[in-house]
A.B. asks: 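I have a structure here, written as structure tokens, and I will follow up with some questions on it.
Computed from heavy atoms alone, side chains included, the values below leave out hydrogens, waters and symmetry copies. Note on naming: letters A, B, ... go to the chains in the order of the sequence lines (proteins, then strands), and numbering restarts at 1 for each one.
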Protein chains: 2
Amino acid sequence: MDQPDTDMDVDEKDIDILKTIADTETRSPDRISEVTGIPLSTVNYRLKQLREAEVIRNDHYDIDLEALGFEITFVIQIIAGYEEDTYEPLGEKLADIDGITHVYFTAGDTDFFVIAQLSDPEMVEDLITTLERLDGVERTISTYTISTLLDGHEPLQQISRETMRDRLLD
Amino acid sequence: MDQPDTDMDVDEKDIDILKTIADTETRSPDRISEVTGIPLSTVNYRLKQLREAEVIRNDHYDIDLEALGFEITFVIQIIAGYEEDTYEPLGEKLADIDGITHVYFTAGDTDFFVIAQLSDPEMVEDLITTLERLDGVERTISTYTISTLLDGHEPLQQISRETMRDRLLD
DNA sequence: ACTGAAAGGGTCAAAAC
DNA sequence: GTTTTGACCCTTTCAGT
């Protein structure tokens with residue numbers, strides 16, 4: 001994941017705007033202005049800055065793969081072989097595989113945690129087979145997800161205003 | 001996660017529209033129409049249907065917590081106690097904790113896989129302490145993420161057009 | 001499934017505070 | 001650095017085919 005060189009400096013107004021976006025699930029500058037009491041033009045001005053700092057990456061549609069028919073979720077742990085320089089390319093290969101939506105390269109016994117969303121048992125089988133055959137993969141542990149309680153699609157809902165203030169101000 | 005009663009019935013045009021949204025990272029009906037060659041009015045018509053089927057949940061901003069200052073990611077496995085009816089409420093409690101962005105209730109030795117995004121070591125400590133103290137939590141395994149190669153923010157990019165056709169048509 | 005037209009908001013730039 | 005204004009453009013909706 002690319003990230004900006006330095007973190008954004010945010011203030012109370014930015015936090016208000018960001019929390020309103022997350023909590024009311026809107027992107028209408030008009031509504032944000034209504035809810036926060038910040039003038040519309042200022043909302044636009046701040047939004048522009050937040051976009052420049054890449055805190056807001058894009059305005060886009062929130063697609064629900066589950067509703068589309070990819071209802072099976074797996075958490076897969078991947079233990080890789082020893083070679084130092086196989087991690088990077090292996091991570092990229094993982095990120096390219098159909099159905100894999102998240103790839104975390106981690107410290108510890110497990111080298112990668114991967115999340116996949118699949119449509120049917122056949123697609124599950126295909127994925128596991130593909131993974132086992134990948135160069136550098138030593139072992140995989142696949143865990144079936146009974147239910148997804150929180151899927152990270154609105155991440156700012158998951159951080160309270162107080163935490164944002166405590167951790168981001170000054 | 002709520003989900004619609006039945007899956008959406010999609011056809012080639014819907015797949016074209018959805019893939020264009022994901023690949024070009026646009027939500028402009030105008031651009032979608034341009035890229036796919038489907039008349040603007042039809043694009044609008046299909047988009048409305050996709051919204052009604054909740055495949056498209058919302059148009060929203062894509063917020064990058066990392067860019068905001070929550071740069072530390074952990075994958076946390078949670079092993080719960082024995083009682084049957086503690087899972088549901090425990091899952092909900094997990095989803096409410098500050099910094100936790102994903103919660104998967106899983107089959108197997110680990111009961112929950114959780115992903116958290118945090119700002120600093122103090123927030124990490126707070127989270128682990130909170131988790132260990134939760135009723136029903138027997139043990140936690142926290143894994144530090146060295147780098148996030150794919151964060152699921154544009155899930156449809158992760159499914160090829162061929163797979164969509166194979167798995168969703170008929 | 002597609003068209004055309006009308007209405008409502010969003011966006012951008014210039015300028016004032 | 002923030003706010004106002006106004007003009008332009010795109011999206012959305014609806015009645016009609």
A.B. asks: For residues A:Val137 and A:Leu90, determine if any side-chain heavy atom of one lies less than 4.5 Å from a side-chain heavy atom of the other.
C.D. replies: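 Yes; the side chains approach each other to less than 4.5 Å.
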A.B. asks: Only one of B:Thr110, B:Asp111, B:Thr140 clears side chain to side chain donor-acceptor pair (under 3.5 Å) with B:Gln77; which?
C.D. replies: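 Going through B:Thr110, B:Asp111, B:Thr140 one by one, the side chain to side chain donor-acceptor pair (under 3.5 Å) with B:Gln77 is satisfied by B:Thr110 alone.
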A.B. asks: Aromatic contact between A:Tyr104 and A:Phe112, with the criterion being ring centroids under 6.0 Å apart: yes or no?
C.D. replies: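 Between A:Tyr104 and A:Phe112, the centre distance exceeds or equals 6.0 Å.
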A.B. asks: Tell me yes or no: between the side chains of A:Gln157 and A:Glu25, is some donor less than 3.5 Å from an acceptor?
C.D. replies: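 Looking only at side-chain atoms, A:Glu25 and A:Gln157 do form a donor-acceptor pair, the distance falling under 3.5 Å.
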A.B. asks: Which nucleotide of DNA chain C is the first, and which the last, in the 5' to 3' direction, to come under 4.0 Å of a heavy atom belonging to chain B?
C.D. replies: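 Result: C:dA1 to C:dT3.
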A.B. asks: Measure from CG on B:Leu47 to P on D:dT11 and round the result to the nearest Å.
C.D. replies: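 For the pair B:Leu47 CG and D:dT11 P, the rounded distance is 10 Å.
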A.B. asks: For B:Lys48 and D:dT13, what is the distance between atoms NZ and C1' respectively, to the nearest whole Å?
C.D. replies: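 Checked: the NZ to C1' distance equals 7 Å.
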A.B. asks: Would you mind telling me which residue lines up with the more 5' stretch of DNA chain C, B:Arg27 or B:Asp11, judged by nearest nucleotide?
C.D. replies: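 By nearest-heavy-atom nucleotide position, the 5'-most residue is B:Asp11.
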A.B. asks: Base, sugar-phosphate or nothing for B:Thr42? Non-hydrogen atoms, less than 4.0 Å.
C.D. replies: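 Sugar-phosphate, backbone atoms only, no base.
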A.B. asks: Considering only residues two or more places apart or on different chains, which pairs with a residue in residues 112-132 of chain A satisfy salt bridge (charged side-chain N to carboxylate O under 4.0 Å, His left out)?
C.D. replies: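 Every salt bridge (charged side-chain N to carboxylate O under 4.0 Å, His left out) pair that includes a residue of residues 112-132 of chain A, provided the two are not neighbours, is A:Asp120-B:Arg167, A:Glu122-B:Arg167, A:Asp126-B:Arg167.
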A.B. asks: Could you check whether any side-chain heavy atom of A:Leu150 comes within less than 4.5 Å of a side-chain heavy atom of B:Thr101, counting everything from C-beta outward?
C.D. replies: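 A:Leu150 vs B:Thr101: side chains apart.
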A.B. asks: Among D:dT12, D:dT11, D:dT2, find the nucleotide with the atom closest to the side chain of A:Lys13.
C.D. replies: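 Taking heavy atoms from C-beta onward, the closest nucleotide is D:dT2.
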A.B. asks: Under the side chain to side chain contact (heavy atoms under 4.5 Å, CB included) test against A:Met164, which residue among A:Ile159, A:Asp16, A:Asp14 passes?
C.D. replies: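 The option that passes is A:Ile159.
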A.B. asks: Report the end-to-end axis angle of the helix from C:dA1-D:dT17 to C:dC17-D:dG1; each axis comes from five terminal pairs, and the value is rounded to 10°.
C.D. replies: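 Axis angle across the helix from C:dA1-D:dT17 to C:dC17-D:dG1, nearest 10°: 30°.
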A.B. asks: Is the side chain of A:Gln158 donor-acceptor paired with the backbone N or O of B:Ile100 at a distance under 3.5 Å, no angle test?
C.D. replies: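 Indeed, once roles are kept as given, a pair shorter than 3.5 Å links the two residues.
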A.B. asks: So what does B:Asn44 hit on the nucleic acid, given a heavy-atom distance under 4.0 Å: a base, only sugar-phosphate, or nothing?
C.D. replies: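 The residue B:Asn44 makes base contact.
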